[in-house]
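Below is one structure, written out as structure tokens; the observations come after it.
For reference, positions follow the sequence shown, starting with 1.
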Amino acid sequence: MATIRRNHTVVVAIDFGTTYSGYAYSFRDDFLKDKTRLLNEITTEYWNSGDLLSDKTPTTLLLDKEKNFVGFGYDAETEYGRMTEEKRKEHYYFRRFKMTLYDKDGTLNLTRDTVLKDIRDKELPAIDVFKHSIQYLKDRFVRKFKDRNLQITISPLENYVTWVITVPAIWDEPAKQFMEEAAEKAGISRRSLMICLEPEAAAIFCKWLPIERDNEFLDVMKPGRRFLVLDAGGGTIDMAMQEVRDDGRLQEINRAQGGDWGGIYVDAEFKHMLENIVSKPILEAFRVAHTMDYIDLFRTFERRKREHQTRKTVTITVPASLPEIVGNINKHIEDQGLKEQVKWKTGKFQIVLPKYETFFNKVIDKIVVKVEEMLVSDSAKGTNVIIMVGGFSASEILQKRIKESFPSCKVVIPPECGLAVLKGAVLYGHDPDIIAARMMKYTYGVGTNTKFIKGIHPDLKKTIINGVEYCKDKFDIHVTRKTLVHCNEETQKTYFPLYENQQSVNFKVVASDKKDPQYTDEEGCKEIGSLTVPMPDTRGGTTREVIAKFKFGATKFTVEGIDGNTKHSVDLKLDFLEDKK
């Protein structure tokens, strides 16, 4: 399936993160005009958190009791924090909810009816929560853009704007489709929307970094070079291996891997230490009675995570309302046996560096193991560069461990590593063909009936049709997992009707996490759609041909059925969100 070409004016990328979200944009004319200044021409939004400006805003949504939008990001946090407890009970407050779309162990049955629980366990349809969030970012761009660029029109949006939404490469197809449908509900036309995989966006960003003398990217991005992108975000760690082709385009050389080992789990360790010191009930009472102070405490910790640590202790300023509730914090620290690791002085926790680093160790240990697994795989031969991007990659503790764990690799941390995905997604919107090929995550094919062979096929699969023995539920493979498939590539196979007067043929489209599945009902196989091809002209009987064609493009694929006689074709809309229970 060829990449859709659009005569757009501007590309807008939305990086919808677990902890923080934001958007960036650039003009098509600027992209075409001067390749050496591409990154400089990308505009990012800045958000006011009260005491500093940030290039992203928290992924936090606030709705009123009627489920109407109230605020997003810092505005939502601040508004919620200032409310009375009675008012909070009436509102819906969602934060860090992106991870609900991650099918960690293959048991998530994500549908359009999936619900999310807010901070008080009140439920709303997940697609509405994502819709409100995307709509806010979309509307904010439109409003800010019109304020700054009155001489340039972007209305109607579907004609002038290409939208790009980033998703983790480790997400499955249902989650990608979910984001597409949420964006459509938010007012973004399907025909102007692209989905971009986060580590691919980061690789594109790195490819377009300005090349100066002695710039390490000059060597990293030479044709033939292979590198691992470590995209460390708030919720997930995404790792993908890329190779620079002779034509300068990028291709995946190993399936993306990762897990839920992002920066939010460092926050959880810090919170666990607080609970040990002041007790879980008291910390919860502090959150309820002084919500804004509670939010500010964790904002402070978030800033510390990204800062360069030059001292032997890390200082966390604590709102005055916490010691008022707790009382003698030093005594609590001593009672927990932490007095050698944590000090309480003039409204601040002073945490010795070794203790502070323990907040990071669990998730970093998992990251190191997974990076090692990828680097020792057969397909990783020749890969000796690790590019670290994402907000969590700004952590010196993570950087240090990666460098120490892989001394034979060159570890590269680009400037603005926290914006690499966002800016790379803008560039992808201008030139999606820069990604030439991807590794297939699953084996895809169709269910068929084939001639039964005794001793080869199990007897329970035998069925008799028109007096002929067939093997039912046979998995006929079109593409195998871990196979490199080029964008715009097609595979097709020819089949035949079972009956002389058959006027249509139905294909069951199936995916499997096995490399060579034999039957469509095996463990690990899942039906992802069905396609009925009309064949009204019955002349030719069972010798008539019907073709199933898989067409691979961008970050998804389509399936087409074709009547060999009339050449009439039917496209299958793969629906990964249908409730198959």
Side-chain angles (χ1 to χ4, degrees), residues 17-20 52 54-56 58 96 99 198-199 202 216 228-239 257-277 297-318 338 340-343 348-375 385-421:
T18 301
T19 50
Y20 291 94
L52 79 160
S54 170
D55 48 36
K56 291 183 184 177
R96 297 183 174 181
M99 287 294 291
E198 289 167 4
E216 53 198 341
L228 183 149
V229 178
L230 170 57
D231 178 14
T236 56
I237 302 298
D238 238 1
M239 287 170 274
Q257 298 184 46
D260 52 343
W261 316 314
I264 61 174
Y265 298 97
V266 179
D267 299 7
E269 291 296 317
F270 171 63
K271 181 182 177 183
H272 182 62
M273 183 199 78
L274 292 178
E275 289 174 344
N276 283 343
I277 292 173
L297 173 58
F298 282 89
R299 282 181 184 175
T300 299
F301 181 74
E302 180 66 28
R303 289 195 292 272
R304 290 292 179 272
K305 276 166 45 180
R306 300 168 185 244
E307 288 177 354
H308 176 58
Q309 302 299 334
T310 58
R311 300 181 178 180
K312 294 181 180 180
T313 60
V314 177
T315 301
I316 309 292
T317 302
V318 176
L338 294 172
E340 300 302 321
Q341 300 171 302
V342 182
K343 306 290 184 186
K348 298 180 178 69
F349 282 119
Q350 294 182 346
I351 308 168
V352 298
L353 199 56
K355 172 64 177 177
Y356 177 73
E357 289 177 346
T358 65
F359 301 154
F360 295 75
N361 288 343
K362 285 184 182 178
V363 290
I364 293 179
D365 288 346
K366 293 176 181 177
I367 294 168
V368 168
V369 168
K370 184 55 70 174
V371 171
E372 185 172 17
E373 287 177 3
M374 292 191 73
L375 289 176
V385 175
I386 300 172
I387 300 176
M388 295 181 63
V389 297
F392 191 21
S393 283
S395 163
E396 287 189 344
I397 296 174
L398 176 58
Q399 294 174 10
K400 180 183 175 185
R401 278 288 302 278
I402 295 297
K403 290 176 180 177
E404 290 176 348
S405 300
F406 305 99
S408 62
C409 288
K410 184 178 193 177
V411 178
V412 178
I413 301 108
E416 296 186 308
C417 65
L419 290 174
V421 169

Practice task
Go through Val229 and Glu198 one step at a time and tell me if the side chain to side chain contact (heavy atoms under 4.5 Å, CB included) criterion holds.
Solution key: CA-CA 10 Å; Val229 178; Glu198 289 167 4; over 6 Å; no
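- To the nearest 0.5 Å, the span separating CD1 on Ile387 from NZ on Lys410 amounts to 10.0 Å.
- Nearest heavy-atom pair, Thr18 versus Gly234, reported as atom, atom and distance to 0.1 Å: CB-C, 4.1 Å.
- Here Glu372 pairs with nothing under the salt bridge (Lys or Arg N to Asp or Glu O under 4.0 Å) rule; sequence neighbours left out.
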For residues 262-275, please give each side-chain donor-acceptor pair under 3.5 Å, one per line with the distance, not counting sequence neighbours.
residue	atom	partner	partner atom	Å
Asp267	OD1	Lys305	NZ	2.8
Asp267	OD2	Arg96	NH1	3.3
Asp267	OD2	Arg96	NH2	3.0

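- Here the closest heavy-atom approach between residue Pro199 and residue Asp231 is recorded as N-OD2, 4.1 Å.
- The ring-ring contact (aromatic ring centres under 6.0 Å, His included) search around Phe349 returns Trp344, not counting sequence neighbours.
- At least one side-chain heavy atom of Met99 sits less than 4.5 Å from a side-chain heavy atom of Asp260.
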Exercise for the section: Step by step, work out the side chain to side chain contact (heavy atoms under 4.5 Å, CB included) result for Ser405 and Val371. Expected result: CA-CA 10 Å; Ser405 300; Val371 171; over 6 Å; no
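- For Asp365, the salt bridge (Lys or Arg N to Asp or Glu O under 4.0 Å) partners are Arg401, not counting sequence neighbours.
- Under the salt bridge (Lys or Arg N to Asp or Glu O under 4.0 Å) criterion, Lys343 pairs with no residue at all, not counting sequence neighbours.
- Interatomic distance, Gln257 CD to Met374 CE, rounded to the nearest 0.5 Å: 4.5 Å.
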Handout entry: Check against side chain to side chain contact (heavy atoms under 4.5 Å, CB included), Lys403 and Ile413
Key = CA-CA 11 Å; Lys403 290 176 180 177; Ile413 301 108; 3.9 Å; yes
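- The structure places CE of Met388 at 5.5 Å from CD1 of Ile402, a figure rounded to the nearest 0.5 Å.
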Practice task
Decide yes or no on side chain to side chain contact (heavy atoms under 4.5 Å, CB included) for Leu230 and Val411, but give the supporting numbers first.
Solution key: CA-CA 10 Å; Leu230 170 57; Val411 178; over 6 Å; no
Practice task
Evaluate the salt bridge (Lys or Arg N to Asp or Glu O under 4.0 Å) criterion for residues Glu302 and Arg299: first the C-alpha distance (whole Å), next the side-chain angles of each, then the deciding distance (0.1 Å), finally the verdict.
Solution key: CA-CA 5 Å; Glu302 180 66 28; Arg299 282 181 184 175; over 6 Å; no
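- The side chain to side chain contact (heavy atoms under 4.5 Å, CB included) check on Thr317 picks up Lys348, with sequence neighbours excluded.
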Please table the atom pairs, donor to acceptor, closer than 3.5 Å between any side-chain atom in residues 351-364 and protein atoms at least two apart or in another chain.
residue	atom	partner	partner atom	Å
Tyr356	OH	Arg304	O	3.3
Thr358	OG1	Lys355	O	2.4

Would you give me the side-chain donor-acceptor pairs under 3.5 Å for residues 390-400, sequence neighbours excluded?
residue	atom	partner	partner atom	Å
Ser393	OG	Val389	N	3.4
Ser393	OG	Val389	O	2.7
Ser395	OG	Ile397	N	3.3
Ser395	OG	Leu398	N	3.3
Glu396	OE1	His308	ND1	2.7
Glu396	OE2	His308	ND1	2.3
Gln399	NE2	Ser393	O	2.7

